[in-house]
Enquirer: 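Take a look at the following structure, please.
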Amino acid sequence: MAGEQYIRTTTEGSSVLRPVPEHVYKIGIYGWRKRCLYLFVLLLLIILVINLALTIWIFRVMWFNSEGMGLLQVHSDGVKLEDGESEFLLPLYAQEIHSREELPLLVHSETENVFLNARDENGNVTGRMSVGPRQAEGHTTNVVLSAHNDNMLFSADGKQTVIGPDKLRITGPEGALFQHSVEVPLLKSELLKDLRLESPTRTLSMDAPKGVHLKALAGNIEAASNMDVVLQSSVGLLVLDAETVRMPSLPQSQGGVSGNAQGLYEVCVCPSGKLFLSKAGVTSTCSDNQDC
């Protein structure tokens, strides 16, 4: 039989014997486990310090602050860029884009065109504008340009084009080219410049229900044609009201009064409308000529 060991415990006034435990258990981590734990804690501290340093570096580089990020400030009414340039790699959706009062707004594309699209509530494109290196294109149902006081300056749709101001000035050296008819209440040139209406290969026609008024305040009115010039009035008369009316190229008839020393002639009109000169007499000599 195994014996038990006893130890003496002495207290004040008494002495007691207690048995000694056979097995002693140690509490804690010792050996290689303790070293691995310390190494793992040290590694976590290093990673924490590196993350903190990277976070501070990112904040310094990106200029994060309480109002935004660097020159880009975020306000309750939108995003504001104080100065510099912004580059967008993906489409930008915004309700309003405007520049500062003293600076222009520049939309720039390095290698491709600049596209502006307007969409409806279903996401369909209702209007599109593109600006490229060779041309600018716009696709929409109606184009309206207005002044600062909301007066319409220019309007165009699939049927007609309306110009709002009182005066339309075309400054090109070749003038204006119209493929079809033009309806205007007044057509005039600039001061000290000629007004020229020309049709190189077809006829030039001017019609008005109450008459066509041609007026030159300081100069001449000339009508030139390779073929015929027709002045026609369907109901009224054709009136040439001037101090002097000249027809220098009228043909001269061989008939008429012989021996007219004064060199006087009369203008004869044939039923066909032909005009010619005949030597004048006491009475008309037009009926005696055979030139009609």
Side-chain angles (χ1 to χ4, degrees), residues 152-156 158-292:
M152 190 270 295
L153 299 179
F154 178 84
S155 176
K159 297 181 179 180
Q160 64 178 357
T161 300
V162 180
I163 298 176
D166 299 334
K167 182 183 294 185
L168 173 62
R169 177 175 296 179
I170 301 175
T171 59
E174 298 296 332
L177 177 63
F178 301 96
Q179 297 291 339
H180 300 285
S181 62
V182 180
E183 181 179 353
V184 291
L186 177 62
L187 184 63
K188 66 179 181 179
S189 64
E190 295 183 353
L191 296 177
L192 304 179
K193 292 185 179 181
D194 298 334
L195 175 63
R196 184 175 181 180
L197 303 179
E198 180 181 359
S199 179
T201 58
R202 293 293 185 270
T203 59
L204 178 61
S205 176
M206 291 184 292
D207 300 328
K210 294 185 178 181
V212 178
H213 186 199
L214 303 178
K215 183 178 181 180
L217 297 178
N220 302 327
I221 295 177
E222 299 181 1
S225 174
N226 292 331
M227 298 180 66
D228 300 332
V229 177
V230 180
L231 302 177
Q232 181 181 359
S233 178
S234 59
V235 178
L237 301 176
L238 179 61
V239 180
L240 300 178
D241 186 4
E243 181 179 355
T244 303
V245 178
R246 295 181 180 181
M247 299 179 184
S249 300
L250 289 180
Q252 182 178 349
S253 175
Q254 299 300 326
V257 180
S258 60
N260 190 347
Q262 296 181 356
L264 299 178
Y265 294 86
E266 63 176 332
V267 179
C268 299
V269 182
C270 299
S272 62
K274 178 182 178 181
L275 300 179
F276 63 93
L277 297 178
S278 178
K279 293 180 181 180
V282 179
T283 60
S284 177
T285 60
C286 294
S287 60
D288 298 336
N289 289 278
Q290 304 296 327
D291 293 278
C292 287

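Every heavy atom of this structure was used, including side-chain atoms; hydrogens, water molecules and symmetry mates were not.
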Enquirer: Which pair of heavy atoms, one from M206 and one from L214, lies closest together, and at what distance?
Expert: CE-CD2, 4.3 Å
Enquirer: Would a 4.5 Å heavy-atom cut-off, applied to side chains only, mark P251 and L277 as touching?
Expert: no
Enquirer: What is the minimum heavy-atom distance between T203 and S199, and which atoms define it?
Expert: O-OG, 3.4 Å
Enquirer: Between atom CG of L197 and atom OG of S189, what is the distance when rounded to the nearest 0.5 Å?
Expert: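 That separation rounds to 10.0 Å.
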Enquirer: What are the two closest non-hydrogen atoms of L195 and K188, and how far apart are they?
Expert: CD2-CA, 4.0 Å
Enquirer: Could you check whether any side-chain heavy atom of L187 comes within less than 4.5 Å of a side-chain heavy atom of V182, counting everything from C-beta outward?
Expert: no
Enquirer: At what distance, to the nearest 0.5 angstrom, does CD1 of I163 lie from CG of L168?
Expert: 4.5 Å
Enquirer: Taking the side chain as C-beta and beyond, is there a heavy-atom pair between C270 and F276 under 4.5 Å?
Expert: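 When only atoms from C-beta onward are counted, F276 and C270 do touch, with a gap below 4.5 Å.
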Enquirer: Quick check: closest heavy atoms across E198 and L204, and the distance to 0.1 Å?
Expert: N-CD2, 4.3 Å
Enquirer: Do you know the tightest heavy-atom contact between I221 and K215?
Expert: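 Distance-wise, the nearest heavy atoms are CD1-N, 3.9 Å.
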Enquirer: Working note: M152 + V162, criterion side-chain contact (heavy atoms from CB on, under 4.5 Å); need CA distance, chi angles, decisive distance, verdict.
Expert: CA-CA 9 Å; M152 190 270 295; V162 180; 3.6 Å; yes
Enquirer: If I take atom CG from residue D194 and atom CZ from residue R196, how far apart are they, to the nearest 0.5 angstrom?
Expert: 9.0 Å
